[in-house]
Enquirer: 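Submitted below is the structure of interest, expressed as structure tokens.
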Amino acid sequence: MTDLTNVISAVITLIVALITTFLIPYIKVKIDKEKLEKMESWVKIAVQAAEKIYKESGQGEKKKAYVMAYLKEKGYKVDIDTLNNLIESAVLELDKSLKE
């Protein structure tokens, strides 16, 4: 009877390597994508609310501060560039829907 310890050890090592190489990064990307989609949804809600609260022109900084506070309340910490991009995207989408 042959000793299968080396073969079993090699198979286990291969499985662990595959999980580490493919499965874990896939799960991380999926979680990050879901988190981003959820954050985009919250940004849209906050932008719409800010547009209703601050109706006068020239209140962009107040609107941005409102959105930032809203996201912080929801537990999101985002760098300013990402936040600006998300806000601009939500504003463009809101403007587009209002024109239709």
Side-chain angles (χ1 to χ4, degrees):
M1 195 177 230
T2 59
D3 186 19
L4 295 177
T5 306
N6 289 338
V7 173
I8 292 172
S9 178
V11 169
I12 290 173
T13 302
L14 178 65
I15 291 170
V16 169
L18 290 173
I19 288 172
T20 304
T21 304
F22 298 108
L23 186 60
I24 292 174
Y26 172 77
I27 291 170
K28 283 183 176 181
V29 166
K30 186 164 177 65
I31 289 171
D32 288 344
K33 182 180 176 188
E34 289 174 3
K35 184 177 177 182
L36 178 62
E37 288 172 353
K38 190 164 190 157
M39 185 171 47
E40 286 174 337
S41 154
W42 288 122
V43 168
K44 288 177 188 177
I45 291 168
V47 165
Q48 290 173 356
E51 291 292 330
K52 293 290 183 184
I53 294 169
Y54 303 103
K55 295 181 181 181
E56 297 84 28
S57 64
Q59 295 191 327
E61 289 303 314
K62 287 183 180 180
K63 292 176 185 179
K64 184 187 282 187
Y66 177 86
V67 173
M68 290 174 71
Y70 187 83
L71 286 178
K72 188 175 181 179
E73 180 183 304
K74 296 293 180 189
Y76 291 100
K77 294 179 183 175
V78 184
D79 66 272
I80 194 70
D81 291 333
T82 301
L83 180 62
N84 284 334
N85 290 334
L86 289 171
I87 290 172
E88 286 301 319
S89 174
V91 168
L92 289 173
E93 192 174 308
L94 179 63
D95 288 344
K96 183 180 175 185
S97 69
L98 291 175
K99 289 179 184 178
E100 292 176 352

Enquirer: Of all residues at least two apart in sequence or in a different chain, which pass the side-chain contact (heavy atoms from CB on, under 4.5 Å) check with L14?
Expert: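 Result, side-chain contact (heavy atoms from CB on, under 4.5 Å) vs L14: L18.
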
Enquirer: Which pairs count as salt bridge (charged side-chain N to carboxylate O under 4.0 Å, His left out) when at least one residue sits in residues 44-56, sequence neighbours excluded?
Expert: K44-E93, E51-K63

Enquirer: If you round to the nearest 0.5 Å, how far is CD1 of I53 from CD of Q59?
Expert: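 These two atoms lie 10.5 Å from each other.
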
Enquirer: Excluding sequence neighbours, so at least two apart, what forms side chain to side chain donor-acceptor pair (under 3.5 Å) with N85?
Expert: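 Side chain to side chain donor-acceptor pair (under 3.5 Å) list for N85, sorted by chain: empty.
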
Enquirer: Looking at OH of Y76 and OG1 of T82, how far apart are the two atoms once the value is rounded to the nearest 0.5 Å?
Expert: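 Y76 OH to T82 OG1: 14.0 Å, rounded to 0.5 Å.
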
Enquirer: Looking only at heavy atoms, which two atoms of V43 and A90 are closest? And how far apart?
Expert: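 Where V43 meets A90 most closely, the heavy atoms are CG1-CB, 4.0 Å.
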
Enquirer: Of all residues at least two apart in sequence or in a different chain, which pass the side chain to side chain donor-acceptor pair (under 3.5 Å) check with T5?
Expert: D3

Enquirer: Quick check for you: to the nearest 0.5 Å, what is the distance between T13 atom OG1 and I8 atom CD1?
Expert: 11.5 Å

Enquirer: Considering residues at least two apart in sequence or located in another chain, which fulfil the side chain to side chain donor-acceptor pair (under 3.5 Å) criterion with S41?
Expert: none

Enquirer: Should we count CE of M39 as having more than 12 external heavy atoms under 6.0 Å?
Expert: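 Enclosed: over 12 neighbouring heavy atoms sit under 6.0 Å from CE of M39.
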
Enquirer: Tell me which pairs pass side-chain hydrogen bond (donor to acceptor under 3.5 Å, both in side chains) where either residue lies in residues 64-73, with sequence neighbours left out.
Expert: K64-N84

Enquirer: For E40, enumerate each residue passing the side chain to side chain donor-acceptor pair (under 3.5 Å) test, keeping only those at least two apart in sequence or located in another chain.
Expert: none

Enquirer: Cluster question for you: counting only ILVMFWY and a side-chain heavy-atom cut-off of under 4.5 Å, with indirect links fine, are F22 and V11 together?
Expert: no

Enquirer: What distance do W42 atom CH2 and K74 atom NZ have between them, rounded to the nearest 0.5 Å?
Expert: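 The distance works out to 3.5 Å.
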
Enquirer: Quick check on the hydrophobic clustering: are L83 and L92 connected, directly or via other members, by side-chain heavy-atom contacts under 4.5 Å?
Expert: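 No, no single cluster joins them.
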
Enquirer: For residues I45 and L94: do they belong to one hydrophobic cluster (side chain heavy atoms under 4.5 Å, members Ile, Leu, Val, Met, Phe, Trp, Tyr)?
Expert: yes

Enquirer: State which residues pass side-chain contact (heavy atoms from CB on, under 4.5 Å) with S89; sequence neighbours excluded, sorted by chain then number.
Expert: none

